[in-house]
Amino acid sequence: MAQEKLGVAIVGTGFGCITHLPAFRDAGFEVRALVGRDPARTAERAERFGVPHAYTDLDAALALDGVDAVSVVTPPHTHAEIVLAAIAAGKHVVCEKPFASDATQAARMLAAAEQAGVVHLLGTEFRWQSSQALLARLIAAGAIGEPRLATWLLHIPVLTGPAAEVPAWWGRAEDGGGWLGAHASHWIDQIRHTLGEFEGVSAGLPLVADRPGQSAEDTFNVRFRTVTGVEGTLQSSAGVYGPPLMTTRVAGTHGTAWVEFDDVWLGDAGGDRRVDIPEDLANPDPIAPPSDLMHTAYDLLHSMGIDRAPYARLAGTFAALIAGDPIPDHPRPADFADGVAGQRVLDAIRASAASGGAWVACG
């Protein structure tokens with residue numbers, strides 16, 4: 001007799017439908033319910049994607065037969081209430097990043113999940129992106145010697161011009177909006193996973209684009225040091241005009257590793273060479289979501305579908321953990337403990353920026 005599929009309720013009708021819904025299905029889950037704030041939009045999207053139940057009441061979804069897990073895909077300031085309710089109902093949980101409003105709130109969610117004994121993962125799907133996973137593997141294998149210097153740089157004109165619409169919450173710092181949580185949270189996880197925990201930061205969080213009424217930053221500029229002795233820089237802006245500018249590069253005592261789009265390169269005394277993606281880290285080609293789901297500049301960040309395949313691997317790992325099956329040693333998934341650690345770094349960055357760039361410890 002075939003084993004029944006695990007059932008998941010997806011809370012959030014934006015990125016929840018753009019990426020989570022197809023990715024969880026790719027991983028073998030049955031999407032049993034869609035939960036949203038707008039009754040008409042939630043019902044329309046549930047019907048469109050063949051989800052049998054549409055709710056605006058989270059408790060109704062949690063009480064539904066066959067829901068083993070919950071995927072939380074809502075604005076950051078709403079995560080804690082939803083996650084704690086799901087845990088109280090005995091559900092396994094995947095929660096999007098940024099994890100919480102602050103580290104205290106994040107620690108409360110971790111404690112609840114550990115006490116309940118549920119599987120808890122953080123939505124850092126790019127641990128499974130081929131180039132990021134390969135970069136981490138090469139560094140762990142000693143390909144560049146001891147890492148000493150790291151640079152992450154990305155400039156993209158996503159929020160320039162009056163037509164660059166974002167959801168209302170995304171423009172409000174008090175709701176966890178802004179480019180720091182949206183983008184730096186991924187980089188922070190990558191650095192923690194690849195180079196070690198953050199020791200401290202010095203940061204600025206400017207708003208570069210002229211966007212009246214927006215209180216959240218569209219740019220971050222962070223100097224950091226890890227407990228392993230790596231000095232580094234994180235700089236990104238979604239509010240600058242001009243062509244995209246991107247660099248991911250880690251230099252060590254014996255060489256340098258860097259990423260160019262989907263390719264990973266190594267340079268050392270023997271020259272520069274591209275490193276082939278190993279079979280276990282390869283992903284299928286991206287599948288773009290339906291174009292009519294792209295309403296805002298925030299949605300357009302996901303328009304190419306590059307996060308679907310990594311998210312399907314995250315969801316597959318989630319299913320294996322629920323079943324008690326072994327999972328590969330690499331890439332390892334991020335859980336709520338990683339969410340707490342990452343939130344401490346975000347809190348330190350915000351504290352440093354508020355003080356004019358003072359050095360702030362991340363412990």
Side-chain angles (χ1 to χ4, degrees), residues 124-156 183-203 220-237 242-286 304 306-307 309-310 313-314 317 327-334 338 341-342 345 349 359 362:
T124 52
E125 73 274 19
F126 290 118
R127 286 196 182 199
W128 285 270
Q129 194 221 4
S130 298
S131 59
Q132 178 173 318
L134 177 56
L135 180 70
R137 180 175 290 180
L138 290 171
I139 291 171
I144 64 169
E146 182 181 338
R148 294 282 177 83
L149 182 67
T151 304
W152 268 259
L153 175 66
L154 177 68
H155 290 189
I156 49 176
H183 191 68
S185 53
H186 277 303
W187 280 358
I188 289 166
D189 182 74
Q190 183 179 5
I191 290 162
R192 291 185 54 254
H193 180 55
T194 305
L195 302 175
E197 298 294 343
F198 283 71
E199 179 184 283
V201 297
S202 172
F220 56 84
N221 190 38
V222 182
R223 181 198 160 205
F224 71 89
R225 183 168 58 244
T226 69
V227 298
T228 56
V230 179
E231 294 277 349
T233 300
L234 307 177
Q235 187 189 90
S236 183
S237 180
L245 177 65
M246 60 188 72
T247 296
T248 299
R249 181 179 291 245
V250 182
T253 51
H254 298 147
T256 299
W258 66 95
V259 177
E260 293 182 5
F261 299 98
D262 292 329
D263 292 332
V264 178
W265 289 75
L266 273 175
D268 55 24
D272 299 344
R273 58 201 176 275
R274 186 176 64 83
V275 183
D276 291 335
I277 301 292
E279 185 176 344
D280 68 307
L281 298 183
N283 287 318
D285 291 337
M304 296 176 64
I306 61 172
D307 37 16
R313 296 191 66 174
L314 184 157
T317 302
I327 61 173
D329 289 333
H330 179 83
R332 302 293 294 184
D338 293 287
V345 179
I349 290 171
W359 188 260
C362 296

From OG1 (Thr228) to CD (Glu199), nearest 0.5 Å: 9.5 Å
Find out whether Leu153 and Leu245 are in side-chain contact, i.e. whether some heavy atom of one side chain is under 4.5 Å from a heavy atom of the other. yes
Side chains of Thr317 and Arg332, heavy atoms from C-beta outward: is any pair under 4.5 Å? no
Checking Thr151 side chain against Thr233 main chain: does a donor-acceptor pair fall under 3.5 Å? no
By side chain to side chain donor-acceptor pair (under 3.5 Å), which residues pair with Ser185, not counting sequence neighbours? none
To the nearest 0.5 angstrom, please state how far the CZ atom of Arg313 sits from the CD1 atom of Ile327. 11.5 Å
Around atom CE of Met246, are there more than 12 heavy atoms of other residues, nucleotides or ligands at under 6.0 Å? yes
For residues 129-145, which residue pairs pass the salt bridge (charged side-chain N to carboxylate O under 4.0 Å, His left out) check, not counting sequence neighbours? Arg137-Asp280
Provide the closest heavy-atom pair for Ile349 versus Ala203 in the form atom of the first, atom of the second, distance. CG2-CB, 3.6 Å
CG-CG distance between Leu154 and Leu234, expressed to the nearest 0.5 angstrom: 11.5 Å
Ser130 to Ala282 - nearest heavy-atom pair and separation: OG-CA, 3.7 Å
Strictly distance-based, threshold 3.5 Å: is any side-chain N or O of Asn283 a donor or acceptor partner for the main-chain N or O of Trp128? yes
So, the side chain of His186 versus the backbone of Glu125: is there a donor-acceptor pair under 3.5 Å, distance only? no
Mind checking what makes side-chain contact (heavy atoms from CB on, under 4.5 Å) contact with Asp268, not counting sequence neighbours? Arg273
Rounding to 0.5 Å, atoms NE2 (His330) and CG (Leu134) come to a distance of 7.5 Å
Donor-acceptor contacts, no H, no angles, side chain residues 251-267, under 3.5 Å, sequence neighbours left out:
residue, atom, partner, partner atom, Å
Thr253, OG1, Glu146, N, 2.8
Trp258, NE1, Glu260, OE2, 3.0

Contacts of His193 meeting side chain to side chain donor-acceptor pair (under 3.5 Å) (sequence neighbours excluded), chain-then-number -> Arg127
Distance col, row Ser237:OG vs Asn221:CG, nearest 0.5 angstrom, shows 10.0 Å
Just how far is it from atom CZ of Arg225 to atom CD of Glu231, taken to the nearest 0.5 Å? 5.0 Å
Those residues that, when tested against Gln190, pass side-chain contact (heavy atoms from CB on, under 4.5 Å) (two or more places apart): Gln132, Leu135, Trp152, Trp187, Thr194, Thr248
Quick one: which of Ile191, Leu195, Leu149, Val250 gives a side-chain contact (heavy atoms from CB on, under 4.5 Å) with Val230? Leu195
How far apart are the closest heavy atoms of Gly342 and Ile188, and which atoms are they? CA-CG2, 4.1 Å
Do Ile144 and Ile139 have side chains that approach each other closer than 4.5 Å (heavy atoms only, starting at C-beta)? yes
